[in-house]
Amino acid sequence: MAFKDFGTPLRPENAIPYMNQKGLVDRAGNPKDAFYVFKSYWSKAPFTYIESHTWTERQGPKGLSRSVSVYSNCPEVELFLNGKSLGVKKRDIKAFPAAGLNWDLNFKEGENKLLAIGKTKEGKTVEDALTLNYRFTKNGKAKGLKLEYTKLENGNYLITAIAHDSEGLRCLDYESRVYFQCLSGGEAYKSLGTPTGSESIEMANGKASIEVKRHNSEAPLEVMVLNQNFKGTYLTIE
């Protein structure tokens, strides 16, 4: 286990090519779930963290119970689902996983709100919230890619490729590699070894993203994504 992801010439097949991704944080310094496992043992500052903030789209049959883990260094944590308490659990460092801070629950279809409140020995509280979408309908086989974008605070654009089936459902189980290319009007952040700074990257949870810097607002920004299964999909931002 390394603290931070690092480059290696030996891993061209990795999700991000030539990157060892066993770090607790990525190359941009963003913590992964494993970071909070170590934090729960080593940090003195009270905290809670619901696993996982990068997994906000989930699916499963109606009535199927799901397990949710919370990482925390508080002696006890209470978990809420859509405003209803699922009970308080006491942290036990001998219990696996998450030191026993695990709850089995049933998500409703659509938006679900999780809230974890940790209580310190002194009676103070710390909390973490996570909103996720859950669906009962399983996606079919991926039939294509689509592109969406959001404008970031730094003025750049985050371009996201999403795999979808014939009904338009996001294919949450699709993990094939995709290739981004900025065709005109800007330049993609590439070869950075980060989840949004690589032109070649494997999808996770049916999506992959890249950050693009626009040259100017007068010319359209055109981006393409493709892979071995699907021909190029284009996005033009006027």
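The figures here come from the full heavy-atom set of this structure, side chains too, leaving out hydrogens, waters and symmetry mates.
- Under the 4.5 Å side-chain criterion, counting only non-hydrogen atoms from C-beta, Val225 is in contact with Leu147.
- The hydrophobic cluster containing Val178 does not contain Ile162, counting ILVMFWY residues as joined when their side-chain heavy atoms lie under 4.5 angstrom apart, directly or transitively.
- Here the side chain of Thr48 pairs a donor or acceptor atom with the backbone of Asp128 at under 3.5 angstrom.
- The salt bridge (Lys or Arg N to Asp or Glu O under 4.0 Å) pairs that include a residue from residues 158-175 are Lys138-Asp173, where partners are two or more places apart or lie in different chains.
- The hydrophobic cluster containing Leu115 does not contain Phe107, counting ILVMFWY residues as joined when their side-chain heavy atoms lie under 4.5 angstrom apart, directly or transitively.
- Nearest heavy atom pair, residue Ser43 against residue Ala45, reads OG-N, 3.2 Å.
- For Leu64, the CG atom sits in a packed shell: over 12 heavy atoms of surrounding residues, nucleotides or ligands are nearer than 6.0 Å.
- Taking all atoms of both residues into account, the shortest heavy-atom contact from Ile210 to Ser198 is CD1-O, 3.7 Å.
- The shortest distance between side-chain heavy atoms of Glu57 and Tyr134 does not fall below 4.5 Å.
- Partners of Lys108 according to the side chain to side chain donor-acceptor pair (under 3.5 Å) rule, which considers only residues two or more places apart in sequence or in another chain, do not exist here.
- Looking only at distances, a side-chain donor or acceptor of Asn106 sits under 3.5 Å from a matching main-chain atom of Gly63.
- Applying the ring pair (Phe, Tyr, Trp, His ring centres under 6.0 Å) test to Phe180 and every residue at least two apart in sequence or in another chain returns nothing.
- Shown here is Lys190, whose NZ atom has no more than 12 heavy atoms of other residues, nucleotides or ligands within 6.0 Å.
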Output a table of donor-acceptor pairs, distance under 3.5 Å, between side-chain atoms of residues 13-22 and any protein atom two or more places apart or on a different chain; print 'none' if there are none.
residue	atom	partner	partner atom	Å
Asn14	ND2	Met19	O	2.4
Asn20	OD1	Lys22	N	3.1
Gln21	OE1	Ile16	N	3.2

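- For the salt bridge (Lys or Arg N to Asp or Glu O under 4.0 Å) condition, the pairs that include at least one residue of residues 75-97, sequence neighbours left out, are Glu76-Lys90.
- Take Pro75 and apply the side chain to side chain contact (heavy atoms under 4.5 Å, CB included) test, not counting sequence neighbours, and it matches Lys121.
- A search for side chain to side chain contact (heavy atoms under 4.5 Å, CB included) contacts involving Ser69 returns Glu51, Pro97, Ala98, Asn102, not counting sequence neighbours.
- In terms of the side chain to side chain contact (heavy atoms under 4.5 Å, CB included) criterion, residue partners of Leu158 (sequence neighbours excluded) are, by chain and number, Thr150, Leu152, Thr160, Thr196, Ser209.
- Heavy-atom neighbours of Tyr179 OH from other residues, nucleotides or ligands within 6.0 Å: above the threshold of 12.
- For His53, the ring pair (Phe, Tyr, Trp, His ring centres under 6.0 Å) criterion is met by Tyr49, not counting sequence neighbours.
- Of all non-hydrogen atoms in Pro195 and Ile201, the two that sit nearest each other are O-CD1, 3.4 Å.
- Of the candidates Asn82, Leu105, Val70, Leu114 forms a side-chain contact (heavy atoms from CB on, under 4.5 Å) with just one, namely Leu105.
- A 6.0 Å sphere centred on CZ of Phe96 holds no more than 12 heavy atoms belonging to other residues, nucleotides or ligands.
- For Val25, the side chain to side chain contact (heavy atoms under 4.5 Å, CB included) partners two or more places apart in sequence, or in a different chain, are Phe3, Lys4, Pro31, Phe35.
- Counting heavy atoms from C-beta outward, Leu101 and Tyr71 have side chains that stay 4.5 Å or more apart.
- Residues in residues 205-224 take part in no salt bridge (Lys or Arg N to Asp or Glu O under 4.0 Å) pair, two or more places apart or across chains.
- For Arg177, the salt bridge (Lys or Arg N to Asp or Glu O under 4.0 Å) criterion is met by Glu202, not counting sequence neighbours.
- Proximity of Tyr157 to Leu235: side-chain heavy atoms (C-beta onward) are nowhere separated by under 4.5 Å.
- In plain terms, the two heavy atoms of Val126 and Cys74 that are nearest each other are CG2-SG, 3.7 Å.
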